[in-house]
Amino acid sequence: LGLMALMASAWAVLRETTILREAMESQLSERFGGLVRIKKVKWDGWNRITATSMDLRARGWEGDAATVASMDRAKVVFSPMMLLLGRIELVDMEVEGLALHLVERADKPGDFNFLALKPKSGGGTSVRQPQKALLRDLRLEFGTSTGGTVTTIASQQFAADFDHLPDDPSTYSFRLEQREQDGAPITDNAIRLFGTWNERDFTYAATLDALVIDERLLRALPAKARRWALRSGLAGRIERARIEGS
């Protein structure tokens with residue numbers, strides 16, 4: 001009876017969404033090596049959470065330039081028993097409106113905001129990977145910053161397919177197909193990228209389909225490469241490219 005009373009009290013405390021939101025922010029900040037902030041958390045009282053307006057900021061950066069990622073909404077299914085042990089163990093996750101903001105300092109070419117993140121790899125952390133995940137769309141924004149103020153130089157919108165591999169607890173397959181460029185629909189020469197991502201050690205392997213090199217593509221390059229490519233009038237076609245790394 002005493003144990004049941006203790007568990008009931010702990011559950012009552014955890015049902016306070018402010019406490020749950022702060023716990024999620026703290027654990028995710030440690031996991032991603034930045035500063036995670038969530039505007040609102042709605043919990044059904046058992047195993048489903050909806051987090052609204054989440055962003056990930058890089059330490060050492062100011063203003064809008066510090067925002068590396070933002071998300072409209074995430075619907076999460078987790079293990080309620082693990083929550084009583086102080087751990088958020090994700091079971092399923094659906095993400096809507098994910099945007100990555102890749103910002104480079106105007107006065108320091110090659111210094112990007114995402115490079116300031118210090119993610120914690122490996123198992124045994126307080127936030128475990130979901131058994132499956134679904135990402136519906138992805139937006140990439142490329143920009144430069146001066147004193148924390150961001151100037152966007154290119155943006156790309158993708159339809160995304162991001163799913164967990166059933167035979168590997170840590171690896172996900174993904175496929176991205178470009179739908180928009182700088183806010184306008186794209187009908188030809190769309191970027192198509194597919195591959196795998198390992199959540200445990202952050203390794204990835206990706207393949208890029210055939211693509212014609214044009215000015216809109218060159219605008220997304222880092223500053224030094226972009227200036228060189230535009231000045232030299234770089235042109236051509238990529239039949240296929242593959243990249244692996246961590």
**Item:** Pro222 vs Glu104 side-chain heavy atoms within contact, under 4.5 Å
**Value:** yes
**Message:** Within the structure provided, determine whether Arg240 and Arg242 are in side-chain contact (heavy-atom separation under 4.5 Å).
**Reply:** no
**Request:** List in chain and number order the residues that pass side-chain contact (heavy atoms from CB on, under 4.5 Å) with Gln178, two or more places apart in sequence or in another chain; answer none if no residue qualifies.
**Result:** Gln156, Phe158, Gln181, Ile186, Ala190, Ile191, Arg216
**Prompt:** Can you find a pair of side-chain heavy atoms, one from Thr50 and one from Val76, that are under 4.5 Å apart?
**Reply:** no
**Flag side-chain contact, heavy atom, 4.5 Å: Val68 against Leu117** = yes
**Request:** Please tell me if the side chains of Asn189 and Asp214 come closer than 4.5 Å, counting only heavy atoms from C-beta onward.
**Result:** yes
**Request:** Answer with yes or no whether the side chains of Gln157 and Arg179 bring together a donor and an acceptor at under 3.5 Å.
**Result:** no
**Request:** Determine the minimum heavy-atom distance between Ala106 and Thr146, stating which atoms define it.
**Result:** CB-OG1, 3.6 Å
**Request:** Grab the two heavy atoms, one from Asp64 and one from Val150, that are nearest each other, plus how far apart they are.
**Result:** C-CG2, 3.8 Å
**Message:** Please enumerate all residues that pass ring pair (Phe, Tyr, Trp, His ring centres under 6.0 Å) together with Phe112, with sequence neighbours excluded.
**Reply:** Phe114
**Item:** Atom pair OG1/OH of Thr196 and Tyr172 - distance to nearest 0.5 Å
**Value:** 12.5 Å
**Asked** Which atom names give the shortest non-hydrogen contact between Leu193 and Ala206, and what distance separates them?
**Response** CD1-CB, 4.0 Å
**Message:** Measuring centre to centre across the rings, with the benzene-like ring taken for any Trp, is Phe162 within less than 6.0 Å of Trp197?
**Reply:** no
**Request:** Using a 4.5 Å cut-off on heavy atoms from C-beta on, say whether the side chain of Asp182 contacts that of Thr152.
**Result:** no
**Request:** Following the transitive rule for hydrophobic clusters with a side-chain heavy-atom cut-off under 4.5 Å over Ile, Leu, Val, Met, Phe, Trp and Tyr, establish whether Leu100 and Val103 coincide in one cluster.
**Result:** no
**Request:** Could you tell me whether Asp111 and Arg105 make a salt bridge, using a distance below 4.0 angstrom between a side-chain N and a carboxylate O?
**Result:** yes
**Message:** Could you see if Trp61 belongs to whatever hydrophobic cluster contains Phe142? Use Ile, Leu, Val, Met, Phe, Trp, Tyr and a side-chain cutoff under 4.5 Å.
**Reply:** no
**Item:** Rounded distance (nearest 0.5 Å) linking atom OG1 of Thr52 with atom NZ of Lys42
**Value:** 9.0 Å
**Min side-chain heavy-atom separation Leu218-Ile213 under 4.5 Å** = yes
**Request:** Looking only at non-hydrogen atoms, find the nearest pair between Arg59 and Gly34 and report the distance.
**Result:** NH1-O, 2.8 Å
**Asked** Between Glu94 and Lys75, is there a side-chain N and carboxylate O pair less than 4.0 Å apart?
**Response** no
**Prompt:** Under 4.0 Å between a Lys/Arg side-chain N and an Asp/Glu carboxylate O for Arg237 and Glu239?
**Reply:** yes
**Request:** For residues Val95 and Met71, determine if any side-chain heavy atom of one lies less than 4.5 Å from a side-chain heavy atom of the other.
**Result:** yes
